[in-house]
Number of protein chains: 2
Amino acid sequence: MRQKDETKEIAIREAALEMIVKEGFKGTSMQKLAKKANVSPATIYLYFKNREDLLNSVYLDVRQQTNEAALVGFDSSMPFREGLKVLWLNRYRYFTEHPLHFFFLEQFLNSPLVESAARMEDKAFKRPLQQFAANAFKRGEIVKIPFEVYWPIAFSPLYQMLRFRLHPNIHLEKQPVITEQKVLQTLELVVKALQA
Amino acid sequence: MRQKDETKEIAIREAALEMIVKEGFKGTSMQKLAKKANVSPATIYLYFKNREDLLNSVYLDVRQQTNEAALVGFDSSMPFREGLKVLWLNRYRYFTEHPLHFFFLEQFLNSPLVESAARMEDKAFKRPLQQFAANAFKRGEIVKIPFEVYWPIAFSPLYQMLRFRLHPNIHLEKQPVITEQKVLQTLELVVKALQA
DNA sequence: TGCTGGTGAACGAACGTTCATTTATATTGC
DNA sequence: GCAATATAAATGAACGTTCGTTCACCAGCA
């Protein structure tokens, strides 16, 4: 008997992640991937059923790591300003340290591939966030608005700042310096928008 | 001599747009595209230099239509609330009527393809928006903040609502009903965040 | 009649996947 | 302890298909 070499699976995943970000799904072929991961094309099929399964697996893996990092030090019973600050800084710092994960998720979530994968929701991630908002409503900290009004205000400015930060060349002619201080400044305005 | 049949070029563009949205860049091949547009593969190369040129061309075309629609009835000297409302409703209505354009742009802008295309900025679009913000600053209507703080708050919630509206299945378990009324409700909170 | 628009077939290259084979190691028999 | 054996990991070459692009030829208007 011989054991599966776990490092190979990781190498394949990481090669896929990097290649997708740099060359897109079209440019990510199994043969190039195998070469990049120092593995035979056939080896990939020992760890993944097929190409689609590999891509889904990378997505689920990245999403899990990303969501886990988002909730560190967070509790849904926190005061609104404090809790939102934890969520924002967790996300901001994580994606600043893992820009490939940011690019990958943006690309995957905006591709038709997402239809076959994203069916499985990450309820362990969503539930605390919904509970957090519900608590803040109840305590009268924030205005009473539908979830689909709350969510875009509470979080999408952060994602836009991350876009600015991570590919600055596209959005602005001069390099905008997105700093943690500016993120917190934006957060204050968001809190102002939402507070009762 | 014989004239070029302009309807063929349009058919190719539209087939590409639809195919990219439904099957991604990977699934959009020249041969399938030709079939869908009722044209020979070779014909595509009469109108476009190659595949990349076709994709860029579709992008620039969609972007131009999109940006043009955004500025209808808008003037950079408008009062802040009024001007922002025009911009929001223009975008909301345009993408509601042209969801394929929304999906295409999201997909293209988050793919590595954008590097080769988006170099050319649409200054005729950006300049009035920047002037509009500058005017509002000067009149003391909104708080004094850097552009990279202003922009995410002013516009990204709208885009997030469009994402909710156009592929609702992914983001929420129950169909959220994003209506114009809820968009305006969100707009009010954004104005509240930004006003001095 | 001349010239350009338009075509279907065909090119070599690259694609996703499989298969026959080899390699490495945990277990067995002594 | 140590070879022999068994078994799964791992491979490189090859499968048939599809890819982007081109080419030799035909169609239709000036």
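Below, read A as the first sequence line, B as the second, and so on, with proteins coming before strands; counting in each chain starts at 1.
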Under 3.5 Å, N/O pairs linking protein and nucleotides 6-9 of chain C:
| unit_1 | atom_1 | unit_2 | atom_2 | d |
| --- | --- | --- | --- | --- |
| C/dG6 | OP1 | B/D5 | N | 3.3 |
| C/dG6 | OP2 | B/Y47 | OH | 2.5 |
| C/dT7 | OP2 | B/S40 | N | 3.4 |
| C/dT7 | OP2 | B/T43 | OG1 | 2.2 |
| C/dG8 | N7 | B/S40 | OG | 2.9 |

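- The CE atom of B/M30 sits 16 Å away from the C1' atom of C/dA14 (whole-angstrom rounding).
- Every side chain to side chain donor-acceptor pair (under 3.5 Å) that A/E106 has, sequence neighbours left out, goes to A/R163.
- Counting only residues at least two apart or in different chains, salt bridge (Lys or Arg N to Asp or Glu O under 4.0 Å) contacts with residues 76-85 of chain B comprise B/R81-B/E188.
- With rounding to whole Å, B/Q31 atom CD is found 12 Å from D/dT22 atom C1'.
- At least one side-chain nitrogen or oxygen of A/S29 sits closer than 4.0 Å to the OP1 or OP2 atom of C/dC15.
- Qualifying side-chain contact (heavy atoms from CB on, under 4.5 Å) partners for A/Q185, counting only residues two or more places apart in sequence or in other chains: A/Q181, A/K182, B/I145, B/P146, B/V149.
- Every residue meeting the side chain to side chain donor-acceptor pair (under 3.5 Å) condition with A/S57, not counting sequence neighbours, appears here in chain and number order: A/R13.
- The CD1 atom of A/I44 sits 12 Å away from the P atom of D/dG12 (whole-angstrom rounding).
- For the segment residues 48-55 of chain A, residues with any heavy atom less than 4.0 angstrom from an atom of DNA chain C are, sorted by number, A/N50, A/R51.
- Salt-bridge formation is not detected for the pair A/E148/B/R165: no Lys NZ or Arg NE/NH1/NH2 atom is positioned less than 4.0 Å from an Asp or Glu carboxylate oxygen.
- Of the residues in residues 17-28 of chain B, B/T28 come within less than 4.0 Å of DNA chain D through at least one heavy atom, sorted by number.
- By the side-chain contact (heavy atoms from CB on, under 4.5 Å) test, A/E14 is found to be paired with A/I10, residues two or more places apart in sequence or in another chain being considered.
- For the salt bridge (Lys or Arg N to Asp or Glu O under 4.0 Å) condition, the pairs that include at least one residue of residues 21-31 of chain B, sequence neighbours left out, are B/E18-B/K22, B/E23-B/K32.
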Please list every donor-acceptor pair under 3.5 Å in which a side-chain atom of residues 68-76 of chain B meets a protein atom from a residue at least two apart or in another chain.
| unit_1 | atom_1 | unit_2 | atom_2 | d |
| --- | --- | --- | --- | --- |
| B/E68 | OE1 | B/Q64 | NE2 | 2.8 |
| B/D75 | OD1 | B/S77 | N | 2.8 |
| B/D75 | OD1 | B/S77 | OG | 2.6 |

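- Distance OH (B/Y45) to C1' (C/dG5): 17 Å, rounded to an integer number of Å.
- The ring-ring contact (aromatic ring centres under 6.0 Å, His included) check on A/Y159 picks up nothing, with sequence neighbours excluded.
- For B/R139, the side chain to side chain donor-acceptor pair (under 3.5 Å) criterion is met by B/E141, not counting sequence neighbours.
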